[in-house]
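Residue numbers begin at 1 in each chain, while the letters A, B, ... track the order of the sequences. Because the structure is predicted, anything quoted here is derived from the model rather than measured.
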Amino acid sequence: MSHAPVLTIIIPLAGAFLITFTELISARIRPVVLIPVTLGHLGAALSVILQVVEQGPILYTLGMWDPPWGIVLSIDSVSIVFLGIVSAGSALLTVFAWGSPREAGGKYAVLRLLLCGAMSGAVLTGDLFNLFVFAELMTIAGTGLVALKRKGESAVAGFTYLMFSGVAGTFFLFGVALLYGSTGTLNMAQLAQRLTEVDPTTQTVAFVLMVTAFGVKTAMVPLHFWQPFAYAAAGGTTAALLSGVTMKVNLYALLRICYGIFGRQAGAFDDVLSVLLVVGMVSIIVGHGLALWQDDIRRMLAFSSVAHVGYILLGVAGGTTAAVTAGLFHAFNHFVMKVALFWSGRGMSSVIGSPYISRMNGVGRRAPLLVGVFFVAALAIVGIPPTNGFASKWLIALSLLAEAEIVAVLVLMVGTALSMMYYTRFLSRAVQWAPESFSGRAVEDRRLRAVGPLVLLAAVILIVGVLPELATAFLEPAARALLDQEAFISNILGAAAVQ
Amino acid sequence: MTIVYTYLGVHLRYPLLDEVNELLVTSFVVVGLLTVLYTLPARDLPLTFKTGVHVVAGVFAALAGDFFTLLVGLELLTFSAYFLLVHRADSERAAVGYRYIGFHISAAALFFVGMAIQYTDTGSLQLARAVPSAVPYFLAAFAIKAVFFPLHIWLVDAYPRAPVFAVPALSVFTTKMGVYAIARIAGGPVVAYIGGATAILGVLGALRQSNARRLLSYHIVSQVGYMVAGAALATQAGIAAGVFHAVNNIVYKTLLFMVAGAVFFTVGHDDLTRLGGLVRRMPITFFGSMVGSAAIAGVPLFAGYASKELLKSATGYTPLTYMLLLAAIGTALSFLKFTFYMFVGERGTTQPESGRPDERTAGDHTAPEAEAAAEADADADAGAEAGSGRGRYEAPWTMLVPIGVLSVFSILFGVRPQLAVAGTTYGIYSLSSLWVSVLPLLAALGVWHFARRLVKPHEHHESALLVEMRTIGGRGLRALERALAFSHQHPFQVYLFLVTLCFVVLAAIAL
């Protein structure tokens with residue numbers, strides 16, 4: 001049995017542990033740990049992904065304890081999509097943070113390796129309590145990252161983040177406790193099997209508790225209030241990770257709980273899905289509506305994230321293979337686009353010396369490359385062809401029309417128009433002829449470590465936009481695996497368990 | 001050579017070139033090249049490059065054979081136009097670009113919905129007539145592109161404020177693509193009548209203008225109304241006439257914009273209240289203006305006459321025809337005004353200092369060395385008769401060549417319409433046709449003679465309606481902003497309570 005799955009969790013956690021000690025000796029040793037850890041995580045994740053693509057789902061039993069007694073890592077085509085997002089995001093962040101003076105410190109490295117390990121664990125685990133533990137670890141690392149800047153506002157934002165994640169965690173824990181109390185198991189597959197014996201009210205309450213918990217964590221309207229504070233205080237580099245990657249991991253947890261554990265047999269399933277669809281529409285309008293007036297570019301992008309949770313929900317809450325494929329596709333695209341936006345916005349803020357859009361007149365002349373990447377990513381996130389954002393939005397619209405949800409399609413379009421308006425508002429300032437006097441460094445950072453990740457992301461946006469089949473080839477099996485509850489159970493408990 | 005491509009399971013073929021769009025594509029290419037040439041006196045390579053991109057985008061869009069490629073082409077047009085509009089922009093022009101994007105992204109979004117419905121219902125994205133449930137979305141999208149009244153405000157907002165050298169290129173593509181798309185996808189008799197109404201309302205707007213480029217912009221609105229009136233009939237004759245009128249309009253409207261730009265370039269402004277008497281100073285430009293005006297007014301033997309004649313036979317003397325005739329009076333009148341007050345009239349009060357182009361007014365900053373070179377050139381030009389200050393100061397050849405070529409086409413399409421639309425006979429020059437077409441011209445001359453003060457250029461104020469709409473829109477948006485911002489200003493205990501509330505509501509729904 002290959003140990004790659006567990007290594008994707010252990011390597012970053014061990015790296016975080018090691019760096020706390022190397023920092024005591026000298027900051028110079030840090031790359032010696034950081035580079036192998038990053039490469040090791042990337043390699044382990046890649047080998048897991050390849051193994052699943054070639055051989056199908058994997059079950060990794062920790063300590064050789066067979067399920068349901070031991071904790072297992074259950075890896076299928078859904079997990080690898082999100083594992084890919086986590087490892088790619090972490091690797092890119094290592095490069096980008098290296099070029100960013102404020103985020104190059106030791107504490108930052110420790111916290112984001114912790115976050116990386118926790119996220120890898122959350123997308124691989126087959127145990128509900130284990131998922132809770134990893135979610136809490138994500139909260140703790142995330143709080144540290146948000147509060148790291150040691151300014152008054154980041155402390156407040158860190159506290160807000162902690163409170164909301166804590167409340168969400170409590171809701172989740174109550175849900176887990178209810179299920180454990182009534183079934184006596186925490187193994188996801190066994191839970192799914194025994195759910196029929198549970199009294200429907202308990203079932204529904206547990207389900208709704210968990211959906212609310214992850215609603216807070218993925219910042220659906222009206223549970224999104226913590227998010228703009230947190231992202232603005234965290235700064236663009238970190239906010240990219242929180243919005244691009246962490247949000248996707250929480251989304252994965254939500255999807256696993258909805259489709260893997262509860263599934264269609266649960267009484268509340270259809271109600272929850274239709275509520276999520278409405279929440280998606282509201283999120284799009286409110287998120288874009290609020291982004292329209294933000295002066296702080298990070299807050300603007302944070303509200304755009306709120307809206308894009310809505311887009312993803314319109315897909316994944318559809319419940320058909322086509323709809324879920326579209327939703328997952330948009331989740332992947334949102335990762336690429338939002339990271340590119342946050343990081344190029346971060347670069348521009350450091351050119352100007354301020355994150356406020358009203359001060360960014362003429363920034364395009366000082367930072368043409370950054371504005372170029374921002375423009376490409378903005379086109380993609382608005383959904384202008386031929387970018388990846390268009391492809392996923394097209395698929396979402398088709399899946400909605402197949403269910404005759406014309407209102408949702410119109411909401412999608414209102415969102416498109418609104419989002420173009422606020423990106424253009426920024427762009428109109430950026431391309432103006434007369435630059436203002438800047439207090440920042442006044443030229444863009446052209447070192448490979450700062451520009452490389454951005455150019456790579458822009459290239460992905462365009463390549464996936466022109467050849468969307470590259471992505472959908474992975475995502476369609478993922479959607480099918482997500483919707484197939486029996487396959488999920490049989491991967492963990494063996495084919496004999498599904499009768 | 002056809003490119004076959006599969007995008008997310010949709011089969012696409014590119015390009016599409018048939019009898020409907022071959023004339024349009026040809027005119028896009030030829031006129032596009034001339035508009036690029038026209039930007040050269042600006043000595044601004046980025047501007048020339050952006051114009052070139054806009055032209056390529058236009059040709060790309062016109063060759064689209066499916067909805068998807070058409071959307072890509074329209075987006076390319078939108079963004080290349082945006083970058084032309086905000087070229088070396090100050091805050092005001094940047095705001096114009098912002099509003100422009102607002103209109104066109106809405107059009108694109110509506111087109112997207114239509115396209116998705118079309119694909120869901122037919123399983124194909126081949127360019128074809130839209131299924132009934134998709135028609136409203138397509139029509140709303142094209143109503144923006146093809147400036148149906150009152151959606152024309154984006155055009156009269158943006159084009160007069162665009163860089164002078166780029167306006168001819170801007171005026172060619174976007175609206176014509178709207179007309180072409182209506183012809184192919186979503187025509188109908190009602191749309192044709194909306195086109196007729198737009199033709200009249202646009203011309204009324206034009207008569208009130210005193211700035212040459214604003215006047216021409218309103219005329220785009222009116223002329224596009226003509227095209228829609230033909231193209232939306234969706235008969236073969238109607239589409240052919242609409243497209244022919246579009247092509248003619250591309251030729252003579254670009255010509256007129258170039259004339260206005262040439263005057264702007266040499267004199268430094270294009271305000272009709274302050275222009276006049278340029279006929280001896282800019283004879284070639286004046287000739288271009290005469291030809292263009294005659295063509296747009298539909299004087300026999302000029303391009304506009306031929307296509308309007310075809311339009312009339314396509315509409316077949318219904319009320320629509322009379323609407324178009326009514327609009328023709330205004331057209332003739334406003335171009336009498338255009339040419340008269342620009343070139344004939346009493347001498348303008350503002351004369352150029354040594355014929356040097358005043359580029360700052362256009363918001364065009366030129367690099368110091370280029371400005372010095374321009375000055376040297378201008379001195380050489382003006383040197384001939386600089387003493388009296390009354391000499392010729394014709395525009396440079398890079399402007400005159402496009403003006404000349406387009407003048408030739410404006411006449412050629414009138415004399416030999418067969419070149420453009422095969423099978424057109426000289427029947428269009430029958431006595432009755434001539435009589436019907438000359439009537440509006442005579443009416444215009446009558447008004448000009450007896451009631452010229454109605455159209456005399458005057459100090460211009462921004463249309464009260466526009467100001468009002470902007471204020472109301474702004475007020476509504478601010479109210480929405482306040483409401484949304486208010487919902488985000490509470491201490492976080494409130495939001496924690498909200499989380500619990502959400503859980504309770506969700507549980508109530510699910511139970």
Which heavy atom of [X] sits nearest a heavy atom of [Y], and at what distance?
X: A/E469; Y: B/G9; result: OE2-N, 3.9 Å
X: A/P468; Y: B/Y7; result: CD-CE1, 3.5 Å
X: A/P385; Y: B/E75; result: CD-CG, 4.1 Å
X: B/T500; Y: A/F171; result: CA-CZ, 4.1 Å
X: B/F83; Y: A/V431; result: CE2-CG1, 4.1 Å
X: A/M421; Y: B/I101; result: SD-C, 4.5 Å

Let me know if [X] has heavy atoms under 4.5 Å from chain B in its side chain, its backbone, both or neither.
X: A/F303; value: side chain
X: A/L223; value: side chain
X: A/T387; value: backbone

Straight-line distance of [X] [atom1] to [Y] [atom2], nearest 0.5 Å:
X: A/L379; Y: B/F79; atom1: CG; atom2: CZ; value: 5.0 Å
X: A/L467; Y: B/L8; atom1: CG; atom2: CG; value: 10.0 Å
X: A/M413; Y: B/F111; atom1: CE; atom2: CZ; value: 12.5 Å

B/Y495-A/F229 aromatic ring centre distance below 6.0 Å: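 No, the ring of B/Y495 stays outside the 6.0 Å limit from the ring of A/F229, centre to centre.
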
Taking every non-hydrogen pair under 4.5 Å, which of [options] racks up the most with chain B?
options: A/V382, A/L410, A/T416, A/V205; value: A/L410
options: A/L418, A/L427, A/L290, A/V211; value: A/L290
options: A/W226, A/F207, A/F375; value: A/F375
options: A/T472, A/I384, A/V409; value: A/I384
options: A/G415, A/P200, A/G383, A/P222; value: A/P222

Taking atom [atom1] of [X] as the centre, does the number of heavy atoms from other residues, nucleotides or ligands within less than 6.0 Å exceed 12?
X: A/F159; atom1: CZ; answer: no
X: A/F174; atom1: CZ; answer: no
X: B/Y5; atom1: OH; answer: yes

Heavy-atom distance under 4.5 Å between the side chains of [X] and [Y], does that happen here?
X: B/I105; Y: A/Y423; value: no
X: B/I117; Y: A/I406; value: yes
X: B/V494; Y: A/F225; value: no
X: A/V216; Y: B/F503; value: no

Contact winner vs chain A - B/D121, B/I509, B/L76, B/L496, heavy-atom pairs under 4.5 Å: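 Between B/D121, B/I509, B/L76, B/L496, the count favours B/L496.
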
Heavy-atom pairs under 4.5 Å with chain A, option from B/L501, B/T78, B/L511 with the top count: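 Highest number of heavy-atom pairs under 4.5 Å: B/L511.
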
Residues in residues 390-400 of chain A that sit under 4.5 Å from chain B, counting heavy atoms only: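 The stretch touches chain B at A/F390, A/A391, A/K393, A/W394, A/L395, A/A397, A/L398.
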
